[in-house]
Amino acid sequence: MLEITDLKVAIEGKEILHGVNLSIKSGETSVLFGPNGSGKTTLLMTIMGFPRYRVTGGSISYQGKDVTHATLDERARLGIGISFQRPPVVRGVKTRDMVLASLKDKNQTEMVNSLAGKTDLLDFLDRDINHGFSGGEIKRSELMQLLAQQPEMVLLDEPESGVDLENISLIGRLINELLQKSSPMHGRNSMGLIITHTGHILEYVNARNGYIMLDGIISCQGDPREILNEIKARGYEQCAKCTFRSAQNVC
Amino acid sequence: MSVNNKEKAKSAANKPAIMGEDVDLTKFTREAAPLKYQTDPSKLSVATKKKMLEAGVMLDNPDQRTGTFIQIDNTPVHSSVKQEGVEVMPVSQAIQKYDWLGDYYWKAVNVDTDKYTASVELGQNDGYFIRTTPGTKTDFPVQACLYLSKAKLAQNVHNIIIAEENSELHIITGCTTALGNEPGMHLGVSEFYIKKGAKITFTMIHGWNPEFAVRPRTAAIIEDNGLFLSNYVLMKPVKTIQMNPIARCNGENATARFNSVLVSTPGSNMDVGSRVYLNGKGSRTEIISRAITTGGYITARGYIEGNAPEVKGHLECRGLLLENKGAIHAIPELKGTLPGIDLYHEAAVGKIAEEEVEYLMARGLTREEATATIVRGFLRVDIEGLPQMLNEELKRAIKDSEKDLM
Ligand SMILES: Nc1ncnc2c1ncn2[C@@H]1O[C@H](COP(=O)(O)OP(=O)(O)O)[C@@H](O)[C@H]1O
Ligand SMILES: [Mg+2]
């Protein structure tokens, strides 16, 4: 279970999140909608623990543990994983090295090739990570690393943006696998928090809750498909006043 | 050699080098006791062999090598070769054997370049001669080791390397010392001649000590369709090294490639570059250097001059500062003297990007592990045109030294 309480976050001294409340139960996936610049990425990066995103108030607890001030790698080892929207190029570090570094079980090195096959990245294993990768290749590479890492809390930042139609079903299947890999059936309790603009991902992922982020606050909560329809029909601003308004954030 | 060379050398005996700090040669001796010849170099002491192996010279496993040359102090203690068409011998012996060798002496390097070249001419203490006859291709690399065991010795060597037409010669050379912390000096002139359609790969691993002064003087002349590929690794402490090997691509479609990996620890001062003159139509070069400091000083130079039509050159200098001390000074230079040439460079000096460290930490690596992975990647060499075996050995040498770095 992930529990976020009254979370306030500042970047370079400027408050971006103004008191976010959100909880995700074990085994559940939520999607996060919201206009550009509303703070969605900031929320994900803060959950992961990037130091640039400074928590100025509130708390994050994960599996009953207060991780508000845990370091990035501590959180990764506790089972939180993120796909980067714009990961850096690391010259000399091969895609294979990244998958090996991500492996939950470091002995299962033979998994690297099967993961690369599954993500259609066999030709990329010996290339410098992210160097000259297209948008879709970056997405698949991020998912390949996460499949190696097998996090229980999966944070995905717009996994379908910039992906062509042909690849979107592959991405969808990979995300599904990622979420199921750590499902209760397999003895674990996966959770997902997925940022999406288009909602395409809802065709592949069984998300239980939807939220809208507006100006650094979670403004709505409800069924993700209904929220998506509302956004499509009326736009974000109207949606903020909608019936799915969450109890904590009365506009 | 000729009187002329001796005179030129004398006139340059006090001429400082245009780069690098001045080394007082009077603090060193040229004299060292002659040593016994070793028919079987695997009989050298375990400690000596270990040092040599660190520098890529394997004496217990000779089937991996086509030929071997070992010089300790001033004495060539071993030279042998297993393949027809390949010659490996002390240069003093080659001079006796071939009266034409004089045509190759001081033809690539100028004898009066500076006091160090002069010192080699005036006090030469041997060196190696390696040659492949026309059309011969070495099965395995030839290995050469220049080893210094006497404190305060200045080892002066003059090496001549010739690949005759359409031959292929792979050399791995290790220069190292038995001395732990005592001063010593290495002065090495190396002249490479790559004839039409020939290829030389030259992989050099240096391992000195914190009191060593090193002044190699190297130049290569490359004829039509020839290739000179030079790889240099220096990851151990040294007091001062300055070298700026020159490749003259005089032939049509001649190619020169330089790769270097430098790691400078506190107290080390390294000034290492490469100069390439693209004088032949369609000649090409690539100069790539990776420099890391953990507190030492590195000047990483690169110079490409395009003097002929359709030449291409690429210069890449990347430097990484791991601590808040030391410095890296990258000096990439390009000169073109006519239109229709294609030269470019990239240079970057900085610390490891925090964003990259965080990327790896998000996958569960600690900060230290993430940093080590990035440094390993930075130093990764995968050199096109180098035999697989040498690529592996180069990687192993780098890996062994990485341990000291982290
Ligand atoms: N590194 C940064 N420095 C300053 N402001 C930033 C930085 N990153 C994001 N912001 C600001 O924070 C706000 C939220 O950004 P972000 O979380 O990326 O929004 P979203 O993902 O919802 O589009 C925006 O106003 C953005 O300009
Ligand atoms: Mg965003």
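Just so it is clear, the structure is predicted and the values come from calculations on it, not from any experiment. So that the names make sense, note that chain A is the first sequence line, chain B the second, and so on, each numbered from 1.
- Heavy atoms from other residues, nucleotides or ligands lying under 6.0 Å from NZ of B:Lys312 number 12 at most.
- Other residues, nucleotides and ligands place no more than 12 heavy atoms under 6.0 Å from the NZ atom of A:Lys65.
- Atom-to-atom distance recorded for A:Thr71:OG1 and B:Arg367:CZ is 9.0 Å, nearest 0.5 angstrom.
- Separation of atoms CZ (B:Arg363) and CZ (A:Phe84) is listed at 5.5 Å; rounding is to 0.5 Å.
- Heavy-atom distances place the side chain of A:Leu146, and not its backbone, under 4.5 Å from chain B.
- Taking both residues in full, the closest heavy atoms of A:Met48 and B:Ala362 are given as CE-O, 3.9 Å, listed atom of the first, atom of the second, then distance.
- Considering only heavy atoms from C-beta on, A:Pro51 comes within 4.5 Å of B:Glu358 through its side chain.
- Neither the backbone nor the side chain of A:Asp126 comes within contact range of chain B, judged by heavy atoms closer than 4.5 Å.
- Interface remark: A:Leu78 contributes no atoms to any contact with chain B (heavy atom separation under 4.5 Å).
- For the pair A:Arg77 and B:Thr366, the tightest heavy-atom approach, listed with the atom from each and the gap, is NH1-CG2, 3.7 Å.
- Interface check for chain B: of the options A:Arg75, A:Met98, A:Glu74, A:Arg52, the most heavy-atom pairs under 4.5 Å are formed by A:Met98.
- In A:Arg127, the CZ atom is crowded: over 12 heavy atoms of neighbouring residues, nucleotides or ligands sit closer than 6.0 Å.
- In this structure, A:Val93 and B:Arg380 approach most closely via the heavy-atom pair CA-NH2, 4.4 Å.
- There is no contact between B:Arg290 and chain A, counting heavy-atom distances below 4.5 Å.
- Taking a 6.0 Å sphere around CG of A:Asp105, one finds it holds more than 12 heavy atoms contributed by other residues, nucleotides or ligands.
- With a 4.5 angstrom heavy-atom cutoff, B:Phe378 touches chain A only via backbone atoms.
- Atoms CG and CG, on B:Leu365 and A:Leu100 in that order, are 10.5 Å from each other to the nearest 0.5 Å.
- Note that the CG atom of B:Leu360 and the CD1 atom of A:Ile129 stand 9.0 Å from one another [nearest 0.5 Å].
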